Amino acid sequence: MNDPFPIEGDTLAGSPSRASGHATSDTGWRRELGEAIRDPAELLRVLELPVELLAAAERAAGSFPLLAPRGFVARMRRGDVHDPLLRQVLPLGEEDLPFPGFSADPLAETSCGPRPGVLHKYHGRALLVTTGACAIHCRYCFRRHFAYHDLPRGRHWWNEAVEYLRADASLREVLLSGGDPLTLPDAQLQALAEDLAAIPHLERLRVHTRLPVVLPSRVDDHLLRWLTATRLAPVVVIHANHPQEIADDVAQACRRLRDAGVTVLNQSVLLRGVNDDAAVLVQLSERLFAAGVLPYYLHALDHVAGAGHFLVDDQRARELCNAVAARLPGYLVPRLVREEPGQAGKTALR
Ligand SMILES: *Cc1c(COP(=O)(O)O)cnc(C)c1O
Ligand code: SF4
């Protein structure tokens, strides 16, 4: 699906200092997160869009609130309701349309973890749901309906999860996901990384995050320090869907990660009206590469209620990927996959 790990929940951005748990971390990125746009009327005003969109936007935002950092909004074209970045965040009346086969929990994930906050579906790697908070709310996100209120909380909330990881010697890699793990304070992430590094059979620490794309100031010295300080090989999987998302400061943030020794990959979701165009996908891969990032997955949309208007059918998805493969070297062609319950890994769309 999507970012492996979308959500809704106690959005950090809603009250940054409370969520951070300590006042000293009110650094640049955290303040920017606090200043993100949450009011549909403001988004329309800033982008000079028709006020007629407001009623539907407010209605749709009632079930999954609008959230978009100002830096991300600044990359959108004014006056263009079809802007590919705007479509990812603007609540629309279409979200109310019923689509057959679209449900609130398409991956049947709500109850499949061996411990609270742990998903272990694939061999050798397990995923930690670190937080329900994100820095942006993507309308296509498959976790838009999740109730994350029962997420583990409090200091060292991960102790039970770490015990589970320690007890399974087949594990080589831990994925930090959410929500978005990089909405958490660095002190907490550092403590978690240290606890993970103390598990002898683990070799890699992977972070799935949209922050380098939607809030590139998040890639600062504090982040780089804990991410590269342990013996675990760091991998960061960012999430960009359209080349217009890769602004100069985003490219710079990605290069900083890579220069610090982090393997940086990108995953996208194939979205109608956003990136269902071979030229757009080619340009995305090229921009990513120029920023030191390799394309990893292109996810078929999860069939989540409220996102049916983003659907690209499988036949068209394959055609697009073939067109991209005909124009780029193999290492710049993302793998077209879908997440299916009960499989040993992501399923290739063939
Ligand atoms: C997607 C996913 C992973 C990662 O899969 P990779 O193919 O290694 O990228 C791991 N665990 C869960 C539960 C996932 O959904
Ligand atoms: S960043 Fe977007 S796609 Fe990723 S979990 Fe959050 S809402 Fe979902």
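Values in this document were obtained by computation on a predicted structure and should not be read as measured data. Read the numbers this way: they start at 1 and go in the same order the structure lists the ligands and their atoms. These numbers come from the heavy atoms of this one structure, side chains and all, not from hydrogens, waters or symmetry mates.
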**Fill in**
R210 heavy atoms within 4.0 Å reach ligand 2 at atoms 1 (S)
**Message:** Just by distance, no angles: are the side chains of Q267 and H299 close enough, under 3.5 Å, to form a donor-acceptor pair?
**Reply:** yes
Quiz: residues 81-88 side-chain donor-acceptor pairs under 3.5 angstrom, not counting sequence neighbours:
unit_1	atom_1	unit_2	atom_2	d
D83	OD1	L85	N	2.8
D83	OD1	L86	N	3.0
D83	OD2	R77	N	3.0
D83	OD2	Q244	NE2	2.9
Q88	OE1	R210	NH2	2.7
Q88	OE1	N241	ND2	2.8
Q88	NE2	P84	O	3.1
Q88	NE2	E245	OE2	2.9

**Item:** Stepwise salt bridge (charged side-chain N to carboxylate O under 4.0 Å, His left out) check, D195 with R166
**Value:** CA-CA 10 Å; D195 285 357; R166 195 192 312 278; over 6 Å; no
**Asked** Given that the side chain starts at C-beta and the backbone is N, CA, C, O, which of these parts of R206 lies under 4.0 Å from ligand 1, counting heavy atoms, or is it both or neither?
**Response** side chain
**Fill in**
For Y297, the atoms of ligand 1 under 4.0 Å from one of its heavy atoms are 6 (P), 7 (O), 9 (O)
**Request:** Verify salt bridge (charged side-chain N to carboxylate O under 4.0 Å, His left out) between R125 and E173, making sure each step is shown before the conclusion.
**Result:** CA-CA 5 Å; R125 53 237 200 260; E173 179 167 354; 5.5 Å; no
**Message:** Would Y122 count as a polar contact of ligand 1, with the cut-off being nitrogen or oxygen pairs under 3.5 Å?
**Reply:** no
**Message:** Out of all atoms in ligand 1, which are within 4.0 Å of some heavy atom of K121? Include the element for each.
**Reply:** 13 (C), 15 (O)
**Message:** Please work out, at 4.0 Å between heavy atoms, whether the side chain, the backbone, both, or neither of C138 comes within that distance of ligand 2.
**Reply:** both
**Request:** Tell me yes or no: between the side chains of Q190 and H222, is some donor less than 3.5 Å from an acceptor?
**Result:** no
Residues 93-101 side chain polar contacts: donor-acceptor under 3.5 Å, at least two apart:
unit_1	atom_1	unit_2	atom_2	d
E95	OE1	R139	NH2	2.9
E95	OE1	R144	NH1	3.4
E95	OE1	R144	NH2	3.0
E95	OE2	L92	N	3.2
E95	OE2	R139	NE	2.9
D96	OD2	R59	NE	3.2

**Asked** What do we get for L175 next to ligand 1 when only non-hydrogen atoms under 4.0 Å count, side chain, backbone, both or neither?
**Response** side chain
**Fill in**
With heavy atoms and a 4.0 Å threshold, my read on which part of E339 contacts ligand 1 is side chain
**Message:** Is the ring pair F64/H137 parallel, tilted or perpendicular, if the boundaries are 30 and 60 degrees?
**Reply:** parallel
**Asked** Would you say I136 contacts ligand 2, with heavy atoms under 4.0 Å as the rule?
**Response** yes
**N, O or S of H239 under 2.8 Å from atom 2 (Fe) of ligand 2** = no
**Asked** Is it true that E173 lies under 4.0 Å from ligand 1, counting heavy atoms only?
**Response** no
**Atom indices of ligand 1 within 4.0 angstrom of Y296 heavy atoms, with elements** = 6 (P), 7 (O), 8 (O), 9 (O)
**Prompt:** Does V274 belong to the same Ile/Leu/Val/Met/Phe/Trp/Tyr cluster as V280, with side-chain heavy atoms less than 4.5 Å apart forming each link?
**Reply:** no
